[in-house]
Undergrad: 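Encoded as structure tokens, here's the structure I'll be asking about.
Note that these values count all heavy atoms, side chains included, but never hydrogens, waters or copies made by symmetry.
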Amino acid sequence: MGHSTKMWLSLCDAFVFSCDISNKDETVEAAKLIWQHNPSRFFYINRGSDMFGGAVSSWNFDLAFIDGAHDQMSIFGDICMCKDMKIPYLLFDDWYPRYGETQKAVALFPELELVKDMNNLRLYKINY
């Protein structure tokens, strides 16, 4: 629904690239509204992250906010894509097991260093 995207755009001057697997009308409409208010700082695609890596692989990102599919394999794929793109920081939402398998996926990457524990959010740095 774009809540975190709106937060990032209002709190800093960052460019936000967002992909969302949901094709619900309200999700697509929310993205359109956010873009109308931030056309030079917001780019949105309606597909899973596994479908766009090549399209933006030459872009430079400071941080990835990982809050997509919550199964271990999807999160594993998101982390691998971020590593391939040399994104230095990963922010994970829905950390607790009742929300999915984020902890299991992160545990597979010993090169991830916890930077900040924010309850249900965890910020990690990738040590390359």
Undergrad: Answer yes or no: does atom CG of D13 have more than 12 heavy-atom neighbours from other residues, nucleotides or ligands under 6.0 Å?
TA: no
Undergrad: Out of L123, T102, D78, L121, which one pairs with F92 under the side-chain contact (heavy atoms from CB on, under 4.5 Å) rule?
TA: T102
Undergrad: Please find the pair of heavy atoms, one from L112 and one from L90, that lie closest to each other, and give the distance.
TA: CD2-CD1, 3.9 Å
Undergrad: For Y99, enumerate each residue passing the ring pair (Phe, Tyr, Trp, His ring centres under 6.0 Å) test, keeping only those at least two apart in sequence or located in another chain.
TA: none
Undergrad: With a 4.5 Å limit on heavy-atom distance, are the side chains of Y89 and I126 in contact?
TA: no
Undergrad: Not counting sequence neighbours, list each pair that qualifies as a salt bridge (Lys or Arg N to Asp or Glu O under 4.0 Å) and has a residue in residues 17-27.
TA: none
Undergrad: Please say yes or no: joined through hydrophobic side-chain contacts below 4.5 Å, possibly via intermediate residues, are F17 and M85 part of one cluster?
TA: yes
Undergrad: Of all residues at least two apart in sequence or in a different chain, which pass the side-chain hydrogen bond (donor to acceptor under 3.5 Å, both in side chains) check with N119?
TA: Y96
Undergrad: State plainly whether one hydrophobic cluster holds both W59 and M81, where clusters connect Ile, Leu, Val, Met, Phe, Trp and Tyr through side-chain heavy atoms under 4.5 angstrom apart.
TA: yes
Undergrad: Can you list, pair by pair, the side-chain donor-acceptor contacts under 3.5 Å of residues 3-10, counting residues two or more places apart and other chains?
TA:
unit_1 : atom_1 : unit_2 : atom_2 : d
S10    : OG     : K6     : O      : 3.1
S10    : OG     : M7     : O      : 3.0

Undergrad: Does a sphere of radius 6.0 Å around CE in M118 hold more than 12 heavy atoms from other residues, nucleotides or ligands, not counting ones at 6.0 Å or beyond?
TA: yes
Undergrad: Between L108 and Y124, is there shared hydrophobic-cluster membership here, with clusters defined by ILVMFWY side-chain heavy atoms closer than 4.5 Å?
TA: yes
Undergrad: Can you list everything that forms a side-chain hydrogen bond (donor to acceptor under 3.5 Å, both in side chains) with H70? Sequence neighbours excluded, please.
TA: D67, D94
Undergrad: If the condition is ring pair (Phe, Tyr, Trp, His ring centres under 6.0 Å), which residues does F109 pass it with, not counting sequence neighbours?
TA: F76
Undergrad: For residues 28-44, which residue pairs pass the side-chain hydrogen bond (donor to acceptor under 3.5 Å, both in side chains) check, not counting sequence neighbours?
TA: Y44-N46
Undergrad: Show the nearest heavy-atom pair for residues T27 and S22, with the distance to one decimal.
TA: OG1-OG, 3.1 Å
Undergrad: What closest approach, in Å, do I75 and A105 show between heavy atoms, and which atom pair accounts for it?
TA: CG2-CB, 3.4 Å
Undergrad: Just how far is it from atom CD1 of I87 to atom CG of N60, taken to the nearest 0.5 Å?
TA: 9.5 Å
Undergrad: Enumerate the salt bridge (Lys or Arg N to Asp or Glu O under 4.0 Å) contacts for residues 119-128, please, sequence neighbours excluded, ordered by first and then second residue.
TA: D117-R122
Undergrad: Do V106 and Y128 belong together in a cluster built from hydrophobic side chains that touch within less than 4.5 Å?
TA: yes
Undergrad: Partners of N127 by side-chain hydrogen bond (donor to acceptor under 3.5 Å, both in side chains), sequence neighbours excluded?
TA: E113
Undergrad: Are F65 and I45 connected into the same hydrophobic cluster when the rule is that any two of I, L, V, M, F, W, Y join if their side-chain heavy atoms are below 4.5 Å apart?
TA: no
Undergrad: I need the full list of salt bridge (Lys or Arg N to Asp or Glu O under 4.0 Å) pairs touching residues 100-111, with sequence neighbours left out, sorted by first then second residue.
TA: K83-E111, E101-K104
Undergrad: If you measure from CZ on F43 to OG on S18, what distance do you get to the nearest 0.5 Å?
TA: 10.5 Å
Undergrad: Is any side-chain heavy atom of L63 closer than 4.5 Å to a side-chain heavy atom of P88?
TA: no
